[in-house]
Every structure is written in structure tokens, then in C-alpha cells.
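The structure appears right after this line, and notes come after that.
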Amino acid sequence: MPELPEVETIARGLASRVTGDLIESVWLGSKPEPLKSPAAAIVDTLEGKRIAGVRRVGKHIVVDLATDRRRSRPSRSSRKRHSAFVDQGRSTQTESQWIVHLGMTGQFVVCSAAAEIAKHTHAIVKLASGRELRFVDPRRFGRLSVSAGREFAAAGSEPLEVVVERFLDLFRGRKTPIKSALLNQRLLSGVGNIYADESLFRAGIRPRRRVASLSRDQLRRLYRSVQQVLNQAISLGGSSISDYVDADGAEGFFQLQHRVYGREGEPCLVCRTPVKRVVIAGRSSHYCPKCQK
DNA sequence: ACTATTTCCTGGATGC
DNA sequence: TGCATCCAGGAAATAG
């Protein structure tokens, strides 16, 4: 279940492997669910473009696309003005993005064109290097889209970039349980079920607590916990639960640091009290009834 | 304007 | 062994 740390890990891995490569052709499967943009728009936006970079925005993977401009047709002014971007006989200009959301079970991998095509492969993008980018998603909660002309932006704030004053503003006065608020992507983009539970444990706050009932100090502590948990998870390559692997097929190790998620009935690592599991907003939520108030 | 609930999906686990 | 049922959850849709 890819959340911010997993998506960050995947995006970094892809960036180091496919940046600079050229998209030759695009194949899209017949299942329409994964496509948020019309199939024709996706094909038109991708084909013939150079990959300028791959990055994470919230839980989305953003592939920046650039159009090659041949040097044989330089305009006098642009040649001088854009000389910094001229690279190996071409200049590039970022102008559109390919957006990939992995949902629950999505995988976005780079592999040899000869590699066996996995079941539930919904998109194959052929690269000039002979490799392929593939989107595989059994449960089809993932989504593919393109954004041309305007810069793609997530609905909420980046949890690792938001300043504490803004964080307090986002949450202030809300009646919803803090767990629901952490999962709301319009507030913070990137926190999912695992990291919400882990952040709340580290902050000593029960998931059912109404946001409005939390003191400023508690919210400040939660702010630090969210950043701490996400940063540590990124440094460990994310959490490998069920089928998560990064762009190289390697597993992450943050699941070994989980203190409450998936530990129902097991002793709290601090006080030995059995970890409880309740359902909030249809999501299982894990907490220590003694350490979290 | 908010908040809460339901729905979409498949594979793996569980129960009889 | 086989078959039905349940559960996982991100986010859009729907309901309150």
C-alpha cells in the first residue's frame, strides 16, 4: 500500500534510471478504470517525448515530459536565451506531465522489453533505450492521467514541506477524528493508514480524538511525529506490506519499525499493554490504550 | 460548508 | 478439496 515514503522511493529509483530516455510508443490495456485521462490524450502526450525527470507529489508519481527541439532550426534569439538548456545537440523544454497514482496495489516498474508481461499489466511504455516502463495493478485502484500546459499540483500541503503554523491552521477547529484528518489528502497529501497510525502513536494521541479537542502543543507534537516517521520511512526505503517493491524490485524495511500498525493484540513496545484495533472512517486504526490519550 | 458512509476492485486468508 | 465469505484501503461519489 504505497504512501508517501513508498512513492518517494519509487520516484527516486525511476528518476535515476529513466531520466533522459525517449518514449517511443505507448500501449494501453482495454480496461478503462485505470485511465483518468482519455486514452488518446495519454498516448498523444507521451509518444515522442523525452523524460526530463520523475518526482513525487503527494502520493502521485509525476513524470516530467519534454519535447526535443532540433538544433538545426534555431531561432536567433531563443538559441542564445536558452543556451543553458542545450544538451548534446538538443534543447528541451518541460511542457507536460504523466501522472501515476498507484492506489492500493499498483506497481510502476522499469524492465527489459524481454521481461515476461505480468498479469494485470495496464500500460506499457517503450523507451528508446530498449527498456519499458510498465504499470501493473491487480485491484485497479491506481490511476493514470496526463497534464498538459499546466503544472500538476496535489490538493493538499506536502507534509515534509509544510511549516508548523500552516499545519496548525489546516487542522484548527475540525470536529472530525484526528485519524480521519490525517488521511484527508486535501489537508496533507501523502499520509495514508500506516503512517497516520504510526505518527499518532509517536505523538501519544488516540486516533479517535476530535481535532478540535487537541491542544496546540499536541498538534505541534503530531507535526513533528509525522515528519519524523515519514523521513525515517524514506531513509529505510518504505514499508513492504503485501506486495510493495521499489523501482528495482527491492523491498523496504520500515515495516520493522512499525510500533502499532498490524500489531493488534501484541504488547505495546513501550508499556506491554496489548495494542488495540478499532475502525475509523472504514479504516482499521491501531493504538496503545495506555500510551495514547 | 463539513463530515460520514458507500463504492469500486482482486487476491489471499478463513471457515465450513 | 472446494466453495463461499470476508477483508485489505485510496479516493471519488453519495448521503446526511
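Below, chain A is the first sequence line, B the second, and so on; all start at residue 1.
Judged by distance alone, the side chains of A:Tyr195 and A:Glu6 do bring a donor and an acceptor atom under 3.5 Å apart. For A:Ser112 and A:Glu132, the side-chain atoms include no donor-acceptor pair closer than 3.5 Å. Side chains of A:Ser129 and A:Arg131: a donor-acceptor N/O pair is present below 3.5 angstrom, by distance only.
Taking atom CD1 on A:Ile178 and atom C1' on B:dA4, their separation rounds to 17 Å, with Å as the unit. Taking atom NZ on A:Lys119 and atom C1' on B:dG12, their separation rounds to 13 Å, with Å as the unit. Here B:dT3 presents its C1' atom at 15 Å from CZ of A:Arg208, a figure rounded to the nearest Å. Distance A:Arg277 CZ to C:dC7 P: 8 Å, rounded to the nearest Å. Protein atom CG of A:Leu144 is 16 Å distant from nucleotide atom C1' of C:dA11, rounded to whole Å. The CD atom of A:Gln107 sits 16 Å away from the C1' atom of B:dC9 (whole-angstrom rounding). The CD-P distance, from A:Glu3 to C:dA8, rounds to 15 Å in whole Å. We find that CG of A:Leu102 is positioned 10 Å from P of C:dA11, with the value rounded to whole Å.
Across all strands shown, A:Arg143 has no heavy atoms under 4.0 Å from either base or sugar-phosphate atoms. At the heavy-atom level, A:Ser180 lies nowhere under 4.0 Å from the strands shown. A:Arg186 comes within 4.0 angstrom of no nucleic acid atom, judged by non-hydrogen atoms across all strands.
When each of A:Gln185 and A:Arg139 is assigned the nucleotide of DNA chain C with its nearest heavy atom, A:Arg139 is the one assigned upstream, toward the 5' end. In this structure, A:Gly173 and A:Gly282 both approach DNA chain B, and ranking their closest nucleotides by distance from the 5' end singles out A:Gly173. Taking the nucleotide of DNA chain B with the nearest heavy atom to each of A:Arg140 and A:Asn184, the more 5' of the two is matched to A:Asn184.
With respect to the salt-bridge test (charged N to carboxylate O, under 4.0 angstrom), the residues A:Asp197 and A:Lys179 qualify. Look at A:Arg166 and A:Asp169 and you find no salt bridge, because none of the NZ, NE, NH1 or NH2 atoms lies under 4.0 Å from a carboxylate O.
Under 4.0 angstrom from either OP1 or OP2 of B:dA4 there lies at least one side-chain N or O belonging to A:Arg210. An OP1 or OP2 oxygen of C:dA11 is reached within less than 4.0 angstrom by no side-chain nitrogen or oxygen of A:Lys36. Side-chain nitrogen and oxygen atoms of A:Lys59 include at least one within less than 4.0 Å of the OP1 or OP2 phosphate oxygen of C:dA11. For B:dA1, neither phosphate oxygen OP1 nor OP2 lies less than 4.0 angstrom from any side-chain nitrogen or oxygen of A:Arg174. OP1 or OP2 of C:dA11 has at least one side-chain nitrogen or oxygen of A:His101 nearer than 4.0 Å. OP1 or OP2 of B:dG11 has not a single side-chain nitrogen or oxygen of A:Thr105 nearer than 4.0 Å. The shortest distance between the side-chain N/O atoms of A:His120 and the OP1/OP2 oxygens of B:dG11 is below 4.0 Å.
Side chain of A:Arg283, nearest nucleotide from B:dG11, C:dA8, B:dT7: B:dT7.
For an aromatic pair to be called close, the ring centres must be under 6.0 Å apart, and A:Phe108 with A:Trp98 satisfies this.
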Kindly express the pairing pattern of DNA chain B in dot-bracket notation, using | wherever a base pairs with another strand and counting only Watson-Crick or G-U pairs under 3.5 Å. .|||||||||||||||
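Shown are A:Arg55, A:Lys59, A:Arg56; of these, the salt bridge (Lys or Arg N to Asp or Glu O under 4.0 Å) with A:Glu8 is made only by A:Arg56.
Atoms CZ and CD, from A:Arg259 and A:Glu266 in turn, are 15.0 Å apart once rounded to the nearest 0.5 Å.
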